[in-house]
Q: 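Just passing along the structure, written as structure tokens.
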Amino acid sequence: MSKLQPARGTRDIYGEEARNMAAVVETFQKVAATYGFEPFNIPIFEFTEVFKRPLGDASDIVSKEMYTFEDRGGEELTLRPEFTAGICRAFISEGLQQSLPCRLIAHGPAFRYERPQKGRYRQFHQIDAELLGQENPEADVDIIAMAWRILSELRLADKIVLELNTLGDQESRAAYRAALVTYFEGHKESLSEDSLRRLESNPLRILDSKDEGDKRIVAGAPLMSDCLNGASSAFFAKVKEGLDAIGIPYKHNERLVRGMDYYTHTAFEFVTTQLGAQGTVLAGGRYDGLIQKLGGPAVAGVGWAGGIERLAMLAETGKVPARAVVIMPMGEEAVLEAHKIAEDIRAAGIVVTADRSGNLKKRLNRANKNNASFAIIIGDDELSSGTATVKSLDDGEQTQVPFAELAAAVAGKK
RNA sequence: GUAAGAAUAACUCAGUUGGUUAGAGUAUUAGUUUGUGGAUUUAAGAGUCAUGGGUUCGAAUCCCAUUUUUUGCCCCA
């Protein structure tokens with residue numbers, strides 16, 4: 001800590017940005033509720049094992065990006081790098097298999113020790129949805145539809161495309177992985193250094209390489225669709241059929257793979273070209289074996305997470321602070337009366353702030369700058385008559401209004 | 001973790017081949033006594049030129065290190 005500034009990759013969020021982020025979360029909650037999803041809050045940190053096991057030791061998140069620490073009791077803890085693992089742990093801890101299916105949403109900060117860039121921070125914020133206990137492909141359709149509706153409500157539909165792929169079930173995935181390894185082993189000498197490493201850790205990721213040389217090799221690589229067994233391709237067909245039925249546009253991207261080891265079957269990403277390399281705005285997939293891997297029952301799951309910062313940057317929510325009524329008491333006695341009046345007006349759901357310092361000119365100036373709708377002036381004259389001076393800051397019109405009628409006088413007129 | 005840029009007032013940015021007291025716009029405050037805003041105008045405050053070293057008679061300017069940030073890669077929301 002050299003100066004009084006936020007630690008690398010963290011920041012203070014306020015003003016328009018904070019409003020936009022709040023709007024994203026509100027839209028998310030509102031839409032999710034119409035799909036029958038309910039809030040589910042999990043801790044911000046867990047035992048390290050909770051993330052290590054499902055994500056896979058070789059994944060970058062586990063090997064270099066986790067905020068892991070030992071607490072005073074000597075426990076190994078980790079700040080959550082994502083939500084899914086924690087929710088699955090909670091599902092087991094709370095014995096929720098009694099109440100399947102579970103439709104759960106969560107939102108809040110997550111942490112990854114990465115190189116910061118715009119739209120990529122060490123503390124970032126996600127919205128998250130998980131649907132547990134539904135093995136059928138219709139569940140995938142449901143949860144993608146929900147994501148699409150949220151993005152539409154945020155008016156992002158024309159800035160974002162849905163990319164879709166299947167990784168198949170365990171068997172198909174293993175077969176594909178083997179086919180890829182065989183193929184890339186044959187091109188070892190021309191693969192990039194990164195991809196040689198990936199050949200060991202996560203061969204599927206080579207498909208996603210940005211390296212030009214790799215891309216040429218990848219072009220000739222075997223396709224997932226050729227390795228799918230009957231059940232897996234039937235599953236994927238159903239998902240596509242469902243999306244077609246409700247008119248959600250998507251692009252089948254054979255090269256789409258995901259970082260986490262736990263995905264099976266459907267994988268999808270909502271992508272924009274407007275955020276540079278941070279174009280993935282919301283992404284997820286199916287993770288049928290995950291809960292079992294954590295030591296729970298065999299329960300299917302499908303879900304996604306969206307980056308709130310990234311969504312907020314794209315969405316023009318147009319959210320502005322509500323215009324306030326500013327109450328301006330002149331003198332000691334008026335201050336007390338102003339408290340009472342302010343409370344009365346707020347009880348009617350109107351935004352009221354008080355400005356008690358400076359001469360009237362200054363206060364009106366400030367009120368105007370803050371885009372207030374009305375000024376309510378209370379001085380000695382008003383106290384004795386029981387009526388306040390109400391001044392519209394839009395047209396300057398001024399009227400005397402009895403204290404009891406102020407809320408009505410100021411309501412609705414914006 | 002890796003490569004290349006950037007850092008000057010609250011904000012956006014000028015600042016010549018290294019030369020005296022580092023500028024502008026926006027914003028802020030004030031232009032007077034406790035009761036009337038928005039425009040114009042006048043004035044003022046505001047900067048350890050990111051931090052620490054070095055070169056030089058002299059550094060915002062050149063060199064090195066550190067910190068933060070931006071754009072790629074890695075990876076991901």
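Within every chain, numbering begins at 1; the chains are lettered A, B, ... in the order of the sequence lines, protein sequences first and strands thereafter.
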Q: Under 4.0 Å, counting only non-hydrogen atoms across every strand here, what does A:D380 touch: a base, just sugar-phosphate, or nothing?
A: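 Since a base atom lies under 4.0 Å of A:D380, the category is base.
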Q: Answer with base, sugar-phosphate or nothing: what part of the nucleic acid does A:D381 contact at a heavy-atom distance below 4.0 Å?
A: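 Touches a base.
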Q: Starting from C1' on B:U32, measure out to NZ on A:K362 and report it in whole angstrom.
A: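 Atom NZ in A:K362 sits about 10 Å away from atom C1' in B:U32.
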Q: For the rings on A:F236 and A:H252, is their centre-to-centre separation under 6.0 Å?
A: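 Ring centres of A:H252 and A:F236 closer than 6.0 Å.
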Q: Between B:G58 and B:G18, how many Å separate the two C1' atoms, rounded to a whole number?
A: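 Approximately 8 Å lies between the C1' atom of B:G58 and that of B:G18.
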Q: Could you tell me the separation between the OH atom of A:Y121 and the C1' atom of B:U71, rounded to a whole number of Å?
A: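 Going from A:Y121 (OH) to B:U71 (C1'), I get 13 Å.
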Q: Quick check on B:U28: is either OP1 or OP2 less than 4.0 Å from any side-chain nitrogen or oxygen of A:K369?
A: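 Result: yes.
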Q: Output the rounded distance in Å from CD1 (A:I378) to C1' (B:U34).
A: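 Atom-to-atom, A:I378 to B:U34, this comes out as 17 Å.
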Q: Does A:T389 or A:D194 map to a spot on RNA chain B nearer the 5' end, using the closest nucleotide for each?
A: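 The 5'-side residue here is A:T389.
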Q: Would you write out the dot-bracket form of RNA chain B, 5' to 3', with Watson-Crick and G-U pairs under 3.5 Å, [ ] for crossing pairs, | for pairs to other strands and . for unpaired bases?
A: (((((((..((((.....[...)))).(((...........))).....(((((..]....))))))))))))....
Q: Taking the basic N atoms (NZ, or NE/NH1/NH2) and the acidic carboxylate oxygens, is any pair closer than 4.0 Å for A:E46 and A:R89?
A: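 The answer is yes: the pair qualifies as a salt bridge.
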Q: Please determine, for the side chain of A:I377, which listed nucleotide (B:G72, B:C74, B:G35) has the closest atom?
A: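 Nearest to the side-chain atoms of A:I377, counting from C-beta on, is B:G35.
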Q: Across the strands shown, which category fits A:K391 at heavy-atom distances under 4.0 angstrom: base, sugar-phosphate, nothing?
A: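 Base contact - A:K391 has a heavy atom under 4.0 Å of at least one base atom.
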Q: When all nucleic acid strands are considered with a 4.0 Å heavy-atom cut-off, which category describes A:G279: base, sugar-phosphate, or nothing?
A: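 It contacts nothing in the nucleic acid.
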Q: Angle between ring planes, A:F268 versus A:F270, binned at 30° and 60°: parallel, tilted or perpendicular?
A: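 Geometry flag for A:F270 against A:F268: perpendicular rings.
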Q: Taking the six-membered ring for Trp, are A:F69 and A:F45 parallel (under 30°), tilted (30 to 60°) or perpendicular (over 60°)?
A: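 Perpendicular, since the angle between the ring planes exceeds 60°.
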Q: With a cut-off of less than 4.0 Å, is there a side-chain N or O of A:K118 near OP1 or OP2 of B:U69?
A: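 No.
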Q: Rounded to whole angstrom units, what separation is found between the CE atom of A:M330 and the C1' atom of B:U36?
A: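 For the pair A:M330 CE and B:U36 C1', the rounded distance is 9 Å.
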Q: Ignoring hydrogens and geometry beyond distance, is a side-chain donor-acceptor pair present between A:E309 and A:H125 at under 3.5 Å?
A: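 The answer is yes; a qualifying pair exists.
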Q: Can you measure A:L364 atom CG to B:U36 atom C1' for me and round it to whole angstrom units?
A: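 Going from A:L364 (CG) to B:U36 (C1'), I get 5 Å.
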Q: Return the value, rounded to whole Å, for the distance between atom CD of A:E212 and atom C1' of B:C73.
A: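 The answer, rounded to whole Å, is 13 Å.
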Q: Starting from P on B:C75, measure out to OH on A:Y263 and report it in whole angstrom.
A: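 For the pair A:Y263 OH and B:C75 P, the rounded distance is 16 Å.
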Q: Below 4.0 angstrom, N of the basic side chain to O of the carboxylate: do A:R323 and A:D394 qualify?
A: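 The answer is yes: the pair qualifies as a salt bridge.
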Q: Look at the side chain of A:Q398 and the base of B:U36, then say whether one donor and one acceptor between them are separated by less than 3.5 Å.
A: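 Yes, a donor-acceptor pair under 3.5 Å.
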Q: Quick test of your reading of the model: are A:R255 and A:E163 salt-bridged, counting only N-O distances below 4.0 Å?
A: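 A salt bridge is absent here (no side-chain N lies under 4.0 Å from a carboxylate O).
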Q: Is it true that, when you exclude A:R346 itself, more than 12 heavy atoms of the residues, nucleotides or ligands shown sit nearer than 6.0 Å to its CZ?
A: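 For A:R346, atom CZ is crowded (more than 12 foreign heavy atoms under 6.0 Å).
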Q: B:C73, B:G35, B:U36: which one has an atom nearest the side-chain heavy atoms of A:E382?
A: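 Looking only at side-chain atoms, A:E382 lies closest to B:G35.
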Q: Should we say atom CD of A:E135 is surrounded by more than 12 heavy atoms from elsewhere, each under 6.0 Å from it?
A: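 No, CD of A:E135 has 12 or fewer neighbouring heavy atoms, counting only those of other groups under 6.0 Å.
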Q: Inspect the contact between A:E49 and A:K52 and indicate whether a charged nitrogen and a carboxylate oxygen are less than 4.0 angstrom apart.
A: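 No.
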Q: When you compare the protein's N or O atoms with those of nucleotides 38-43 of chain B, which come within less than 3.5 Å of each other, and at what distance?
A:
| residue | atom | partner | partner atom | Å |
| --- | --- | --- | --- | --- |
| B:G38 | O4' | A:N368 | ND2 | 3.2 |
| B:G38 | N1 | A:L393 | O | 3.3 |
| B:G38 | N2 | A:L393 | O | 3.1 |

Q: Measure from the side chain of A:N359, starting at C-beta and using heavy atoms only, and say which of B:U36, B:G35, B:C73 lies closest.
A: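 Closest of the options to the side chain of A:N359: B:G35.
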Q: Between A:E397 and A:T280, which residue's closest nucleotide on RNA chain B lies nearer the 5′ terminus?
A: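 Between the two, 5'-proximity favours A:E397.
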Q: Which is true for A:A367 with a 4.0 Å heavy-atom rule: it touches a base, it touches only sugar-phosphate, or it touches nothing?
A: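 It contacts nothing in the nucleic acid.
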Q: What interatomic distance, in whole Å, is found between P of B:U16 and the corresponding atom of B:U8?
A: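 One P to the other, the span is 16 Å.
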Q: Grab the N/O contacts between the protein and nucleotides 1-3 of chain B below 3.5 Å, and write none if there aren't any.
A:
| residue | atom | partner | partner atom | Å |
| --- | --- | --- | --- | --- |
| B:U2 | O4 | A:R115 | NE | 2.8 |

Q: Expressed in whole Å, how much space separates the P atoms belonging to B:U40 and B:A22?
A: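 My reading of the P atoms in B:U40 and B:A22 gives 30 Å.
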Q: Indicate yes or no: does A:E343 engage A:K340 in a salt bridge with an N to O separation below 4.0 Å.
A: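 No.
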Q: Taking atom C1' in both B:G19 and B:A24, compute the distance separating them and give it to the nearest angstrom.
A: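 About 22 Å, rounded to a whole number of Å.
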Q: Is the count of non-hydrogen atoms from other residues, nucleotides or ligands lying under 6.0 Å from A:K361 atom NZ greater than 12?
A: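 Counting other residues, nucleotides and ligands, NZ of A:K361 stays at 12 neighbours or fewer.
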Q: What contact category does A:G284 fall into here, base, sugar-phosphate, or nothing, at under 4.0 angstrom with non-hydrogen atoms?
A: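 Since no nucleic acid heavy atom lies under 4.0 Å of A:G284, the category is nothing.
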Q: If we ignore angles and hydrogens, is there a donor and acceptor under 3.5 Å between the side chains of A:T264 and A:D169?
A: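 No, no side-chain donor-acceptor pair sits under 3.5 Å.
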Q: Rounded to the nearest angstrom, tell me the gap between atom CZ in A:R310 and atom P in B:C75.
A: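 My rounded result for the distance is 15 Å.
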Q: Report, as yes or no, whether the 6.0 Å neighbourhood of atom NZ on A:K238 holds more than 12 heavy atoms from other residues, nucleotides or ligands.
A: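 Not more than 12 within 6.0 Å, no.
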